[in-house]
Amino acid sequence: MRSLKFLSVALAFGALPLTATAQQPTVLSEVVDKIVAQERAEVQLLRQYSPLVETYIQYLRPDKQLGAVPDGDKYFLGRAELAKGVELEPLNREAGMKQKIFGGLGEFFSTEFVPAGFLQMIYLDTNGFDRQHYKIEYVRREFLGEVRCLVFEVDPLPKAGKRRFVGRIWVEDRDYHIVRFNGAYGEASPASYYFNFDSWRMNVGANLWVPASVYIEDGSVHDAKARNLGFKAFRAQTRLWGYHVGQVRAEQELSKVFVEAPSPVKDQTEADSDYSPVQAERAWDRRAEDNVADRLERQGLLAPAGEVDKVLETVVDNLETTNDLDIEPEVRCRVLMTSTLESFTIGHTIVLSRGLIDVLPDEASLAAILAHELGHIVLGHRMDTQFAFPNRLRFDEKETFRHFEFARSAEEEQAAKQKGLELLKNSPYQEQSGNAQLFLQALKDRSKEIPNLISPHLGDKVPTSWIVAAAAYPAAKPADAKANPANVIAALPIGGRIKVDPWNDQLRMLKSKPVGALAEDEKRPFQITPFAFYLTRQESSSSTETPSGVSAELDADARP
């Protein structure tokens with residue numbers, strides 16, 4: 001007997017304290033030397049990796065109600081070749097950003113970007129960060145999540161050369177890795193037109209920090225002079241992941257211990273042990289499905305099975321239970337790693353993109369998307385089973401989106417729309433279907449301004465065409481409308497739900513504290529917002545002690 005399970009929106013997040021490190025330097029010059037040496041080692045270490053890199057840009061225009069709203073966008077997905085510097089191999093069909101020189105006055109008043117310019121922001125200085133070219137001044141100590149950091153102001157010395165970093169760095173005080181830097185490349189001058197950025201690194205192992213995310217913001221929607229000259233203010237995000245995903249999975253599988261009995265137990269009967277033609281067909285379909293999922297996961301495009309999949313499968317199970325469905329083989333859920341908003345099915349596997357899950361405001365909206373995809377499965381809309389042959393999966397990574405395409409015909413989409421609405425009507429989410437309608441309507445209204453965000457890599461666009469009239473569902477109104485209309489959120493900003501481990505691609509639901517009522521200009525549906533990571537160390541033992549001698553001594557040095 002199946003039972004309904006509902007998801008909890010508010011999840012507690014327990015913080016782990018830190019240990020102090022013995023025998024740390026207490027002289028400013030020694031600390032700076034360690035930071036410089038560690039950053040040099042970091043640059044060399046990164047040369048062995050080839051992570052996936054995604055950059056998404058939104059132009060902005062002024063809006064009386066929301067302050068600023070999207071006014072066009074750009075998108076790039078590629079594989080970094082860090083051994084060659086900041087070179088990128090594009091994966092998406094159209095890179096969306098033309099290959100022109102990044103930065104400088106000529107590009108500031110241009111609407112074109114080069115992806116490698118954004119990738120460069122994972123490095124403090126590609127020409128070398130040292131005391132011969134920089135003035136480095138201690139500011140204070142500060143915690144970024146659980147990680148205690150030393151904060152420094154960084155400015156290039158006279159005649160240090162162009163494209164030197166200007167800004168602030170955060171250095172964890174145990175091994176002196178730079179874990180965050182905020183500023184720009186170029187001279188510290190109001191006339192500088194280099195983009196401002198905030199670059200973050202994450203700890204993924206003992207003494208191993210890797211670039212994870214970069215937030216970029218430049219221009220103001222209120223600067224009429226710049227707009228008249230043709231420059232649009234913009235915000236952008238660059239995300240990196242898949243540093244070690246293929247190797248991690250192989251190591252885990254090879255490390256499993258298998259015990260084989262000398263005389264395996266064998267059933268004495270042969271009853272019900274053979275496959276019927278129908279069962280063989282299902283097994284063949286499942287093989288093709290598994291082969292595709294495995295290939296996408298090894299490339300870093302599909303997240304490994306984990307916590308977020310269970311959340312999606314809970315909603316699917318509720319839809320199946322209330323509609324008295326018994327689907328074989330069972331329906332599974334997976335997450336595409338990209339920010340683009342898309343959903344599709346691979347056989348009996350429902351795939352939602354990370355970006356889509358990020359912007360969904362609640363469980364009812366998630367159920368609406370999943371019900372549509374479940375409709376495809378219930379109606380028997382199959383995938384191409386040629387991928388049951390492993391040789392059909394042997395193609396260059398650059399050809400992935402050409403070989404894999406799971407978009408449906410117009411007839412199949414229309415049938416799935418009707419079936420999805422039927423599944424929702426019989427589900428416990430029917431009374432909150434107004435929330436889903438608000439989300440789909442907001443996406444439809446915003447679609448012209450974010451064409452690249454809603455352009456799918458592998459499947460279909462989110463089906464906004466199946467918004468139903470309120471008359472069809474008398475109870476279809478926002479759940480929070482009666483309590484406080486100001487609390488109704490049609491869609492979340494990008495990155496509102498999921499946290500990504502850049503090393504092994506594991507996904508986790510964000511566990512942030514509620515922020516109370518939102519002002520209208522704080523809702524920012526489908527928009528880019530700054531990153532604010534709660535940094536942690538990948539270690540088991542820790543303790544909360546007072547700042548060690550290095551911080552206390554540097555504080556003393558900073559006082560007049």
Side-chain angles (χ1 to χ4, degrees), residues 35-36 38-57 75-91 97 102-103 113-130 134 144 147 149 152 154 163-172 175-186 194-205 207-218 235-245 300 337-339 495 500-505 528 530-533 535:
I35 296 170
V36 168
Q38 191 65 271
E39 181 64 12
R40 187 182 301 116
E42 177 83 15
V43 172
Q44 292 301 315
L45 177 69
L46 289 175
R47 292 175 64 85
Q48 65 183 292
Y49 299 116
S50 296
L52 284 171
V53 180
E54 179 189 64
T55 294
Y56 178 59
I57 302 168
Y75 181 86
F76 176 86
L77 177 67
R79 176 78 66 183
E81 298 182 31
L82 299 182
K84 300 178 181 179
V86 290
E87 290 194 20
L88 283 163
E89 184 67 49
L91 295 182
M97 294 188 276
F102 169 79
F113 303 90
V114 57
F118 291 91
L119 178 60
Q120 183 176 336
M121 296 173 185
I122 69 172
Y123 296 111
L124 187 68
D125 189 334
T126 55
N127 296 316
F129 176 64
D130 53 44
Y134 284 96
L144 294 180
V147 179
C149 296
F152 294 85
V154 173
R163 294 187 61 78
R164 295 288 183 175
F165 178 76
V166 181
R168 182 167 288 187
I169 63 175
W170 284 256
V171 181
E172 54 86 19
D175 300 300
Y176 303 102
H177 292 274
I178 298 174
V179 299
R180 179 187 181 188
F181 47 102
N182 181 311
Y185 299 128
Y194 293 95
F195 302 151
N196 301 308
F197 64 92
D198 189 19
S199 187
W200 291 75
R201 295 170 179 172
M202 289 188 180
N203 183 227
V204 296
N207 203 32
L208 180 59
W209 294 78
V210 297
S213 302
V214 184
Y215 170 73
I216 306 99
E217 178 180 324
D218 221 273
R235 287 183 168 191
Q237 289 183 353
T238 292
R239 297 173 180 268
L240 298 93
W241 70 87
Y243 282 92
H244 200 57
V245 64
M337 293 289 292
T338 58
S339 294
V500 181
D501 187 319
W503 183 252
N504 58 23
D505 293 4
I528 291 173
F531 293 114
F533 292 110
L535 297 184

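Both backbone and side-chain heavy atoms feed into the values below; hydrogens, waters and symmetry mates do not. This one's a predicted model, so the numbers in the text were calculated from it and none came from an experiment.
Looking at Val214 and Ile122, their side chains come closer than 4.5 Å, going by heavy atoms from C-beta outward. Contact of the Val36 side chain with the Tyr134 side chain is not registered, since no non-hydrogen atoms from C-beta on lie closer than 4.5 Å. Counting heavy atoms from C-beta on, the side chains of Tyr49 and Trp503 come closer than 4.5 Å. Glu42 has its side chain out of reach of Ile178: every pair of non-hydrogen atoms, C-beta onward, lies at least 4.5 Å apart. Between Phe165 and Tyr123 the shortest side-chain heavy-atom distance does not fall below 4.5 Å. When side chains are defined from C-beta on, Val53 counts as touching Thr238, because their heavy atoms get closer than 4.5 Å. Under the 4.5 Å side-chain criterion, counting only non-hydrogen atoms from C-beta, Leu82 is in contact with Leu119. For the pair Phe181/Arg201, a side-chain contact is recorded, criterion being any heavy-atom separation below 4.5 Å from C-beta on.
Without hydrogens or angle criteria, Gln237 side chain to Ile528 main chain gives no donor-acceptor distance under 3.5 Å. In this structure, the side chain of Tyr243 engages the main chain of Pro211 through a donor-acceptor pair within 3.5 Å. Side-chain atoms of Asp218 come within 3.5 Å of backbone N or O of Asn196 as a donor-acceptor pair. At least one donor-acceptor pair closer than 3.5 Å links the side chain of Tyr185 to the backbone N or O of Gln120. No side-chain donor-acceptor contact under 3.5 Å links Asp125 to the backbone of Arg164.
The two residues Ala184 and Phe197 make their nearest non-hydrogen contact at CA-CE2, 3.8 Å. Across all their heavy atoms, Ala83 and Arg47 have their closest contact at O-NH2, 2.8 Å. Between Gly78 and Leu88 the shortest heavy-atom distance is C-CD2, 4.5 Å. Closest heavy-atom contact between Gly300 and Asp505: CA-OD2, 3.5 Å. Across all non-hydrogen atoms, the minimal contact from Arg79 to Leu91 is N-CG, 4.3 Å. Shortest non-hydrogen contact noted between Phe76 and Pro115 is CD1-CG, 3.5 Å.
How far CZ of Arg239 is from OG1 of Thr338: 11.0 Å, rounded to the nearest 0.5 Å. With rounding to the nearest 0.5 Å, the separation of CG in Leu535 from CG in Asn203 is 8.5 Å. Summarising the geometry, atom CD1 belonging to Ile169 is positioned 11.5 Å from atom CG belonging to Asn182; distances are rounded to the nearest 0.5 Å. Note: Ile35 CD1 to Tyr176 OH = 8.0 Å, rounded to the nearest 0.5 Å. Distance check, rounded to the nearest 0.5 Å: CG of Asn207 to CD of Gln38 gives 5.5 Å. The line from OG of Ser50 to CG of Leu240 is 11.5 Å long, rounded to the nearest 0.5 Å.
Taking the centre of each ring, Trp200 and Phe531 stay at or above the 6.0 Å mark.
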For a side-chain contact (heavy atoms from CB on, under 4.5 Å) check, start with the C-alpha distance between Leu52 and Met337, then their side-chain angles and the critical distance, and finish with the verdict.
CA-CA 10 Å; Leu52 284 171; Met337 293 289 292; over 6 Å; no
Run Tyr75 and Glu54 through side-chain contact (heavy atoms from CB on, under 4.5 Å) and show every step you take.
CA-CA 8 Å; Tyr75 181 86; Glu54 179 189 64; 2.6 Å; yes
Could you walk me through whether Glu217 and Tyr215 pass side-chain hydrogen bond (donor to acceptor under 3.5 Å, both in side chains), step by step?
CA-CA 7 Å; Glu217 178 180 324; Tyr215 170 73; 2.4 Å; yes
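Annotation: cation-pi pair Arg180/Trp170 present, NZ/CZ under 6.0 Å from the ring centroid and within 45° of its normal.
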